[in-house]
Amino acid sequence: MSDVKIKIEKSVFSVEKGTSLSSLLPRVRLQDEPILAKVNGYFIGLDFVLEEDMDIELFSAESEEALDVLWHSTSHLMAHAVLELFPNTQVGVGPAVENGFYYDFLRDVPFTLEDLDRIEEKMEELARRDIPIEKVEMPKEKALKLFKEQGQDLKVELIQEKGGEMVTCYRQDSFIDFCRGPHLSSTGLIKHFKLLSLSGAYWKGDEKGIQLQRIYGTSFFSKAQLKEYLDLLEEAKKRDHRKLGPELDLYSIHEDLGPGLILWHPKGSTVRRLIEDYWREEHIKDGYDFVYSPHVAKLDIWRKSGHTEHYDAMFPFIQLDNVEYQLKPMNCPFHIMVFNSRQKSYRDLPLRWAELGTVYRFERSGVLHGLLRVRGFTQDDAHIFCRADQLEDEIRKATRLAMRMLKTFGFEKFDIYLSTRPENYTGKLEDWNQAEKALERSLKDEGLPYKVDEGEGVFYGPKIDIKIKDAIGRSWQCTTIQLDFNLAERFDLNYIGEDGQAHRPFLIHRALLGSLERFFGILIEHYKGDFPLWLAPIQVKILPIADRHNDYAHSLDALFKEGDLRSEVDMRREKVGYKIREAEMLKIPFILVVGDKEVEQKNASLRVHSQGDKGQINPQEFLEKSKKLIKNKSISLNI
RNA sequence: GCCAGCGUAGCUCAGCCGGUAGAGCAGCUGAUUUGUAAUCAGCGGGUCGGGGGUUCGAAUCCCUUCGCUGGCUCCA
């Protein structure tokens with residue numbers, strides 16, 4: 001009987017040779033329960049038998065690295081299953097992605113949703129067989145020959161492009177894949193998975209290339225985790241603004257009107273108006289002025305700005321009296337022309353001009369999506385013209401304003417990105433450097449954690465993007481703060497400096513909420529349609545029990561309206577239960593029931609949305625408390 | 001734009017291998033004066049997304065077009 005030395009997390013354990021890793025674990029002090037281990041770059045199960053001295057790293061079911069490997073291995077398992085079921089299929093690539101994995105396939109007959117069930121069954125079977133997953137190294141020539149023989153021409157292409165002298169493959173039974181790894185040690189470690197959807201995908205992302213079929217799926221180490229994820233998808237469906245929006249009578253889209261064009265109904269318009277009012281107040285506080293510009297302009301202005309060359313989402317132009325007019329896709333040239341309409345002095349700067357500017361973009365039909373991707377929308381746009389010495393301060397102010405507003409709307413988590421100079425850029429290198437430094441410093445000064453997207457800036461300038469995380473953890477891009485060296489140059493922006501010479505100002509382009517349509521869609525999903533009191537289209541519904549209570553109900557309604565509450569009375573001759581049900585389904589924050597008792601005591605019976613009956617309340621007190629919640633833009637309905 | 005799927009009343013959906021459409025909810029009308037998530041009864045409502053074809057006959061099969069969904073590509 002001999003012992004082996006196992007090193008885990010800096011501690012060395014001596015165990016009897018031939019025992020399993022799991023029997024050692026009780027002796028190891030760990031924060032999270034491990035689910036997977038890694039030895040020499042290989043992921044192994046806890047039933048691994050310890051035969052020799054080794055270093056072992058442990059991973060919990062939540063660890064990102066372990067999940068990535070699981071997803072990657074599950075994608076191989078899926079490809080394996082597909083090839084077993086449909087031998088003439090070619091496989092493309094199959095990586096782990098954000099919440100799971102996909103694999104691309106090329107096949108004469110497209111997959112159907114029913115095929116997914118069959119593939120899943122086959123995967124279960126292969127997983128149950130607990131097939132070892134082996135890493136195989138071989139010379140490139142051998143690999144090329146091997147995949148050629150199997151008719152995997154796409155893989156051959158990949159090996160030719162990416163393979164070195166020796167190429168790494170992973171083999172599980174009959175299935176072998178050109179792959180860098182790492183992988184799990186056996187298919188038996190894959191237990192809880194689900195194939196989710198089927199879609200098209202271009203080979204190597206090339207729109208003109210061949211079209212493959214992509215199958216998406218996900219997997220987890222525990223059944224509970226898989227369920228949690230599937231529940232999240234269900235929850236997302238319930239929050240879908242495309243469902244809630246029309247249901248709550250907020251907005252609609254009509255085929256007869258045109259795809260991607262939004263009709264804001266009165267209730268949605270109320271929410272929009274409140275967003276806009278708040279937006280204006282905040283901008284006034286921050287020293288912005290407002291401008292307005294037309295929806296069309298001569299096409300020439302877009303030639304000058306460079307949009308005709310670089311931007312392909314413009315609606316076709318309109319020919320009028322031999323002049324071409326263009327529906328605007330952006331507001332920038334207009335604001336710039338306001339700037340250029342008078343000579344500016346260094347004393348005038350900074351100038352901050354904001355506009356809720358409605359723009360039109362001919363987005364390709366396949367990308368339209370509810371309120372999130374549309375063809376006509378209103379940007380909460382602004383352009384800031386400033387001197388070099390003001391740049392950092394202006395960016396800091398804009399960032400701060402964005403954060404302040406987003407927080408007011410109830411968002412608490414953010415992902416902030418700083419995108420720097422790409423290879424193809426316009427403008428002067430020194431300007432880029434200065435601007436990048438200013439962006440970076442302003443984020444640092446504000447204590448905002450951010451990630452740098454090296455080289456991911458747009459060609460005309462570096463930028464800061466802020467993504468918000470909603471109530472169920474999804475992120476949405478809202479704020480963008482971008483420098484624009486291109487337009488400054490093309491429109492020859494300048495001001496007269498202290499030295500009497502003309503200087504080029506910095507031009508900052510920024511949208512904080514993004515677009516009102518999009519932001520509205522995000523808000524609907526974030527709140528699940530349960531808007532906080534200050535944004536709720538109807539804030540209180542008064543329900544008289546019988547006709548004899550109508551006068552009292554109306555007196556309350558008048559009192560609330562006088563106090564700027566959005567109040568309504570439901571006088572229909574229906575039972576209270578019926579009226580309550582309807583008001584609850586409309587997600588109205590407060591319901592006040594009034595009957596004999598209330599009339600007599602000059603009270604009202606309060607019911608808070610999704611919380612139920614709260615008992616009697618004095619109407620004046622209710623009004624004051626509501627007003628306070630509204631004034632504070634409170635998210636909670638605690639009264 | 002590309003791939004796949006889908007399109008039946010305002011909404012959710014049924015309608016088998018072709019024989020000119022049906023339910024619930026909503027709406028309207030009437031009765032009920034009602035106490036915390038659906039009172040009862042009656043009525044109206046669809047050229048089955050549009051167009052074309054096959055057929056004696058099409059919601060059903062084929063073609064085409066529009067729209068929607070999931071992705072891809074795009075979003076300087």
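Chain identifiers are assigned alphabetically (A, B, ...) following the order of the sequence lines, protein sequences preceding nucleic acid strands; residue numbering begins at 1 within each chain.
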[X] [atom1] to [N] [atom2]: how many Å, rounded?
X	N	atom1	atom2	answer
I253(A)	C66(B)	CD1	P	18 Å
L257(A)	G67(B)	CG	P	13 Å
D249(A)	C11(B)	CG	P	13 Å
R573(A)	C28(B)	CZ	C1'	16 Å
I588(A)	U36(B)	CD1	P	19 Å
R361(A)	C74(B)	CZ	C1'	13 Å
E363(A)	C68(B)	CD	P	13 Å
L248(A)	C11(B)	CG	P	15 Å

Could you work out which one of [options] sits closest to the side chain of [X]?
X	options	answer
Q211(A)	U73(B), U39(B), C3(B)	C3(B)
R548(A)	U34(B), C72(B), U39(B)	U34(B)
R373(A)	C74(B), G35(B), G67(B)	C74(B)
R364(A)	A37(B), C74(B), G35(B)	C74(B)
H369(A)	G70(B), C3(B), C74(B)	G70(B)
R581(A)	U33(B), A37(B), C3(B)	A37(B)
I545(A)	G67(B), G35(B), A26(B)	G35(B)
P110(A)	G70(B), A4(B), U73(B)	A4(B)
M585(A)	A37(B), C72(B), G67(B)	A37(B)
K575(A)	U34(B), A4(B), U73(B)	U34(B)

Watson-Crick or G-U wobble mate for [N], both contacts under 3.5 Å:
N	value
U69(B)	A4(B)
G57(B)	none
C48(B)	none
C74(B)	none
C11(B)	G24(B)
A31(B)	U39(B)

I'd like the [atom1] distance from [M] over to [N], given in whole Å.
N	M	atom1	value
U8(B)	G22(B)	C1'	10 Å
U29(B)	G67(B)	C1'	36 Å
C11(B)	G45(B)	C1'	14 Å
G46(B)	G5(B)	C1'	24 Å
U69(B)	C13(B)	P	15 Å
U20(B)	C28(B)	C1'	28 Å

Does [X] reach a base, just sugar-phosphate, or nothing at all? Heavy atoms under 4.0 Å.
X	result
A201(A)	sugar-phosphate
M330(A)	base
D596(A)	base
K597(A)	base
G205(A)	sugar-phosphate
E598(A)	base
L543(A)	nothing
E582(A)	nothing
V458(A)	sugar-phosphate
V576(A)	sugar-phosphate
Y578(A)	sugar-phosphate
Y216(A)	sugar-phosphate
S605(A)	base
G577(A)	sugar-phosphate

So, under a plain 3.5 Å distance rule, would you say the side chain of [X] forms a donor-acceptor pair with the base of [N]?
X	N	answer
R607(A)	A37(B)	yes
E255(A)	G7(B)	no
Y202(A)	G1(B)	yes

Between [X] and [N], is there a side-chain N or O to OP1/OP2 distance below 4.0 Å?
X	N	answer
R242(A)	U69(B)	yes
S365(A)	G1(B)	yes
H609(A)	A37(B)	no

In terms of side-chain geometry, is the basic nitrogen of D470(A) or R239(A) positioned less than 4.0 Å from the acidic oxygen of its partner?
no
Shortest non-hydrogen contact from W302(A) toward F334(A):
CZ2-CE1, 3.6 Å
Are any side-chain N or O atoms of [X] and backbone N or O atoms of [Y], one a donor and one an acceptor, separated by less than 3.5 Å?
X	Y	result
T479(A)	L512(A)	yes
R510(A)	D380(A)	yes
E584(A)	S610(A)	yes

Using the closest heavy atom to pick a nucleotide of RNA chain B for each, name whichever of D547(A) or F111(A) lands nearer the 5' end.
F111(A)
With nearest nucleotides of RNA chain B determined for C332(A) and G612(A) from heavy-atom distances, which residue corresponds to the more 5′ nucleotide?
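Per heavy-atom nearest nucleotide, the more 5' residue is G612(A).
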For [X] and [Y], take the angle between the two ring planes, folded into 0 to 90°, and tell me which bin it lands in: parallel under 30, tilted 30 to 60, perpendicular over 60.
X	Y	value
F520(A)	W264(A)	parallel
H72(A)	H76(A)	perpendicular
F385(A)	F339(A)	parallel

Of Y460(A), W432(A), F485(A), F459(A), which is the lone residue that meets ring-ring contact (aromatic ring centres under 6.0 Å, His included) with Y425(A)?
W432(A)
Inter-residue atom distance Q213(A).CD - L198(A).CG, 0.5 Å rounding
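The CD atom of Q213(A) sits 5.0 Å away from the CG atom of L198(A).
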